[in-house]
J.: 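Have a look at this one before I ask anything.
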There are 2 protein chains.
Amino acid sequence: MDRSRCENCIVRQFNSLRALSKEELKKVSDSKTSKTIKKGQPLFEEGEKLNGVYCVRDGVSKLSKLSANGKDQIVKLASKGEVMGQRSVIAEEHSNLSAVAVSDMEVCFIPKDSITTSLQKNPNFTLEVLRHMAHDLKEADDVIVNMSQKTVKQRIAEAFLYLKNNFGEDGDGFLALTLSREDIANVVGTATESAIRIISEFKKKGLIHTSGKKIGIEDERKLRDLAEGF
Amino acid sequence: MDRSRCENCIVRQFNSLRALSKEELKKVSDSKTSKTIKKGQPLFEEGEKLNGVYCVRDGVSKLSKLSANGKDQIVKLASKGEVMGQRSVIAEEHSNLSAVAVSDMEVCFIPKDSITTSLQKNPNFTLEVLRHMAHDLKEADDVIVNMSQKTVKQRIAEAFLYLKNNFGEDGDGFLALTLSREDIANVVGTATESAIRIISEFKKKGLIHTSGKKIGIEDERKLRDLAEGF
DNA sequence: GTAATACTATGATAATTATCAGCTTTTACC
DNA sequence: GGTAAAAGCTGATAATTATCATAGTATTAC
């Protein structure tokens with residue numbers, strides 16, 4: 001079985017491409033190109049015109065937006081199965097976000113033509129994309145509320161729980177996705193020093209343990225209570 | 001001309017319902033009910049199961065989410081032409097937001113059946129809804145960045161500019177949409193007292209003028225500079 | 001292997017924002 | 001039209017968070 005073909009790609013099960021017909025999928029597969037992206041490399045930049053979407057086969061990318069004060073706000077972390085750049089292609093706008101790999105990645109670039117024609121002809125696919133976007137919008141609403149109503153401490157606690165739930169742990173009990181302290185700060189929207197300070201505090205309190213950049217969750221219950229505001 | 005019919009409703013031009021066929025529109029119009037909502041009254045509550053969507057003919061509604069600390073975070077203000085509850089109906093989930101009128105409203109309630117059948121059968125409509133949601137998602141991303149990277153002062157300045165751009169001014173140079181100080185605080189995600197203090201400060205500096213609850217923009221340029229961080 | 005560079009860490013201090021308390025003004029309602 | 005309730009306002013203070021400075025530690029490049 002040729003795993004480089006979309007038809008045989010497991011990742012597809014997780015995203016809206018599964019609603020494509022056999023013929024459509026064949027067309028997509030014929031037009032796509034595979035890319036390997038090293039950790040730290042950009043996939044696309046804010047303001048760039050996207051000629052297609054990126055389907056993540058492996059690895060994780062941060063989607064961020066530069067704010068006026070020069071800091072990057074990470075809006076989302078996209079991993080296996082997620083399609084990046086959909087929003088911009090659908091709205092026919094330049095990208096509002098930058099995408100940079102936070103781990104080595106394997107992605108497929110799908111030119112927008114095959115996407116847009118399917119969007120116009122296959123209601124099932126369009127509806128599937130719509131459902132995904134509805135979900136993303138809900139998540140975005142939740143992020144807005146968390147950002148504006150929770151303290152930095154709560155947001156960091158929540159971020160660790162999020163990382164565990166979405167990316168899991170390695171064999172040694174550390175979070176499988178290792179982010180730099182700066183990236184963690186940019187996820188929760190705070191200064192790097194503040195993030196580091198709170199991480200130290202969590203460590204002292206036995207909520208987490210660390211080894212270099214790696215972070216492991218020690219007391220999930222307490223972390224959750226903290227995130228909820230108790 | 002019967003203006004109570006969707007076919008003749010101008011508001012429709014602003015939202016995705018314009019992509020419906022004549023027959024679909026007729027069906028929607030036959031099944032919809034018109035409602036008058038007084039300022040302060042709820043349209044629906046967070047967690048409620050929505051059996052349809054609300055199309056705003058007149059007035060403004062706040063869409064908010066209760067946070068753990070008991071404060072309401074206003075995520076969006078919906079006015080003429082906007083469709084509320086779409087996201088929940090599409091995702092087949094309970095609403096993640098509450099909707100409360102911030103001015104007297106006229107809305108049409110459209111049962112979800114006519115929406116979902118059109119979503120399955122009319123790709124143009126689905127695509128139109130998708131485009132709108134893509135736009136909402138971009139706006140949500142922008143809000144996330146503003147919330148996490150800007151100071152309360154900047155966010156309030158921005159909120160006033162937003163109110164002017166989206167709802168305009170009355171004959172006397174006041175913002176057409178009058179929000180309570182508490183609502184303003186809930187839009188920018190701060191304590192009511194902090195919002196009031198900053199409003200007083202803006203007044204002293206000649207950026208705005210007030211009369212009771214009403215707020216008028218005095219120096220748009222300076223307000224914009226402030227919002228941008230200068 | 002070592003120098004250069006980026007990342008992590010911590011202290012001191014300043015700025016921002018929240019909270020609590022008390023007061024005045026406005027609004028709503030009988 | 002009077003009164004209770006709600007909303008608006010201000011001061012004092014505490015808590016949170018950012019900023020600046022500095023130093024240790026890890027990574028990378030040559």
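We name chains A, B, ... by the order of the sequence lines, and we start the count at 1 in each one.
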J.: Test Lys62(A) against Asp183(A) for salt bridge (charged side-chain N to carboxylate O under 4.0 Å, His left out), laying out the working first.
T.: CA-CA 9 Å; Lys62(A) 60 179 173 184; Asp183(A) 277 342; 2.9 Å; yes

J.: Determine: side-chain N/O of Ser194(B) to OP1/OP2 of dA18(C), distance under 4.0 Å, yes or no.
T.: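 The answer is yes; a side-chain N or O of Ser194(B) sits under 4.0 Å from OP1 or OP2.
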
J.: What is the distance from CG of Asn186(B) to P of dT17(C), rounded to the nearest Å?
T.: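 Computing the Asn186(B):CG to dT17(C):P distance gives 16 Å.
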
J.: For each nucleotide in nucleotides 3-14 of chain C, reading 5' to 3', give B when a protein heavy atom comes within less than 4.0 Å of its base, S when such contact involves only the sugar-phosphate, and - otherwise.
T.: ----SSBBBB--

J.: Looking at every heavy atom in both Gln149(B) and Gln154(B), which two are closest together, and how far apart are they?
T.: O-OE1, 4.4 Å

J.: Just how far, in rounded Å, is P of dG8(D) from CD1 of Ile198(B)?
T.: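 Answer to the nearest Å: 16 Å.
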
J.: Under 4.0 angstrom, heavy atoms only, what part of the nucleic acid is Lys150(B) near: base, sugar-phosphate, or nothing?
T.: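 Touches nothing.
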
J.: Please report, rounded to the nearest Å, how far the C1' atom of dT28(D) is from the NZ atom of Lys38(A).
T.: 15 Å

J.: What is the distance, to the nearest angstrom, from the NZ atom on Lys153(A) to the C1' atom on dT16(D)?
T.: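 One finds 8 Å between C1' of dT16(D) and NZ of Lys153(A), rounded.
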
J.: Find the distance Leu226(B):CG to dT16(C):C1' and express it as a whole number of Å.
T.: 14 Å

J.: Looking only at heavy atoms, what is the nearest atom pair of Arg181(B) and Ala195(B), with distance?
T.: O-CB, 4.3 Å

J.: Give a yes or no on whether the backbone of Asp2(B) and the side-chain of Asn8(B) come within a donor-acceptor separation of less than 3.5 Å.
T.: yes

J.: Give the rounded distance in Å between these two atoms: CD1 of Ile156(A) and C1' of dT16(D).
T.: 13 Å

J.: For Gly216(A) and Phe174(A), which heavy atoms make the closest approach, and how far apart are they?
T.: N-CD2, 3.5 Å

J.: Find the distance Gln154(A):CD to dA18(C):P and express it as a whole number of Å.
T.: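 It is 13 Å, rounded to the nearest whole Å.
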
J.: Which heavy atom in Val107(A) sits nearest to a heavy atom in Tyr54(A), and how many Å separate them?
T.: CG2-CD2, 4.0 Å

J.: In whole angstroms, how far is the P atom of dA18(C) from the CD atom of Gln149(A)?
T.: 9 Å

